[in-house]
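Beneath this line is the structure, given in C-alpha cells, with notes to follow.
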Amino acid sequence: MAQSEFGLLGVARTGFTSDYPGQWHGKWDRMENDVCVRLAEYNSIFKENDDIYHAAAKKLGLSACALWLLYILREKDHVYTQSEICERLFMPKQTINSALKKLEIDGFIELQIGSDRKTKRVVLTESGRRLAGRSADKLLEAERSAFSRMTNEEQDAFLRLFRRFTDLLRDEAERII
C-alpha cells in the first residue's frame with residue numbers, strides 16, 4: 001500500500017468498495033447483494049477500527065488488554081473490581097486476570113481487598129497514573145476529538161444504529177447458534 005493509505009498509527013485505511021465475492025451457499029445465495037456488500041463494508045470498518053486500537057497499544061508498548069485496562073480505569077472517576085472490569089470490557093476473566101497480574105508485577109496497579117476477601121479492587125499506582133497519562137489518556141483524547149467532529153445528530157444516529165445492530169445481532173446469534 002502507498003504511504004498515503006495509512007493513518008497516523010500506521011493502520012491501513014481499507015475503504016472497502018469491491019464487489020462481495022458471494023461465497024455463501026443455501027439460503028444465503030438468495031440474500032440481496034446490497035445487504036452482502038453493506039455487511040462486508042461494516043465488517044471491514046469494524047476490523048479497521050479494532051486495528052486502530054491494536055496499533056495504538058503496540059505503538060505504546062502495551063498489550064491490547066493492558067491498554068483497555070488502563071483505559072477503563074481512566075475513563076471514569078471510579079474504582080472497579082476485577083469482575084466489573086470483565087463485564088465492562090466483555091473479555092474473559094482469565095485474560096483480564098493475566099493482564100492485571102502483569103500490571104501489578106510491573107508496579108502500575110494495586111489489587112486491594114474489596115467488600116469481601118474474594119473481591120479485589122483495581123487501583124492505579126502513581127507510576128500507573130503516569131503510564132495511563134501517556135497511553136489511555138491519549139486514546140481517550142483521540143476518541144473524544146474524533147467524536148466531537150461529528151454533529152450531535154450524527155453522534156446520536158451513530159450510537160442509536162450501532163446499539164440497534166448489536167441488539168439485533170445478539171438476538172440472531174442466540175437464536176441461530
Rounded to the nearest 0.5 Å, what's the gap from [atom1] on [X] to [atom2] on [Y]? Could you check?
{"X": "Y53", "Y": "Y71", "atom1": "OH", "atom2": "OH", "result": "5.5 Å"}
{"X": "I72", "Y": "L140", "atom1": "CD1", "atom2": "CG", "result": "10.5 Å"}
{"X": "R121", "Y": "I85", "atom1": "CZ", "atom2": "CD1", "result": "11.5 Å"}
{"X": "D51", "Y": "S44", "atom1": "CG", "atom2": "OG", "result": "10.5 Å"}
{"X": "N49", "Y": "H54", "atom1": "CG", "atom2": "NE2", "result": "10.5 Å"}
{"X": "L70", "Y": "L103", "atom1": "CG", "atom2": "CG", "result": "5.5 Å"}

Measure the shortest side-chain to side-chain distance between [X] and [Y] over non-hydrogen atoms and say whether it is less than 4.5 angstrom.
{"X": "L67", "Y": "L139", "result": "yes"}
{"X": "C86", "Y": "M91", "result": "no"}
{"X": "V123", "Y": "L111", "result": "no"}
{"X": "L73", "Y": "V79", "result": "no"}
{"X": "V122", "Y": "Q82", "result": "yes"}
{"X": "R130", "Y": "E126", "result": "yes"}
{"X": "F147", "Y": "L159", "result": "yes"}

If you compare all heavy atoms of [X] against all heavy atoms of [Y], which two are closest, and at what distance to 0.1 Å?
{"X": "T125", "Y": "G107", "result": "OG1-O, 2.5 Å"}
{"X": "L69", "Y": "A99", "result": "CD1-CB, 3.4 Å"}
{"X": "L124", "Y": "R74", "result": "CD1-CD, 3.7 Å"}
{"X": "S148", "Y": "Q155", "result": "CA-NE2, 3.8 Å"}
{"X": "R134", "Y": "K138", "result": "O-CG, 3.6 Å"}

Discussion item. Applying ring-ring contact (aromatic ring centres under 6.0 Å, His included), can you list everything that pairs with F46, at least two apart in sequence or on another chain?
Written reply: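 Per chain and number, F46 pairs via ring-ring contact (aromatic ring centres under 6.0 Å, His included) with Y42.
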Discussion item. Between D34 and R38 (salt bridge meaning N to carboxylate O under 4.0 Å), is one present in this structure?
Written reply: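 A salt bridge is present here (some side-chain N lies under 4.0 Å from a carboxylate O).
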Worksheet item: Thinking salt bridges, do E84 and R88 make one under a 4.0 Å N-O criterion?
Response: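 So E84 does not pair with R88 through a salt bridge.
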Check: [Y] main-chain N/O paired with [X] side-chain donor or acceptor under 3.5 Å:
{"X": "S135", "Y": "L131", "result": "yes"}
{"X": "N43", "Y": "L39", "result": "yes"}
{"X": "S98", "Y": "Q94", "result": "yes"}
{"X": "D106", "Y": "F108", "result": "no"}
{"X": "T81", "Y": "K120", "result": "no"}

Worksheet item: In this structure, are over 12 heavy atoms from other groups packed under 6.0 Å from E172 atom CD?
Response: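 Atom CD in E172 is crowded, with more than 12 foreign heavy atoms closer than 6.0 Å.
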Discussion item. Once you measure the plane-to-plane angle for F162 and F158, does it fall in the parallel (<30°), tilted (30-60°) or perpendicular (>60°) bin?
Written reply: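 F162 and F158: parallel rings.
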Fill in: All pairs passing salt bridge (charged side-chain N to carboxylate O under 4.0 Å, His left out) where residues 141-164 contributes a residue, at least two apart
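As it turns out, the salt bridge (charged side-chain N to carboxylate O under 4.0 Å, His left out) pairs with a partner in residues 141-164, which skip direct neighbours, are R163-D167.
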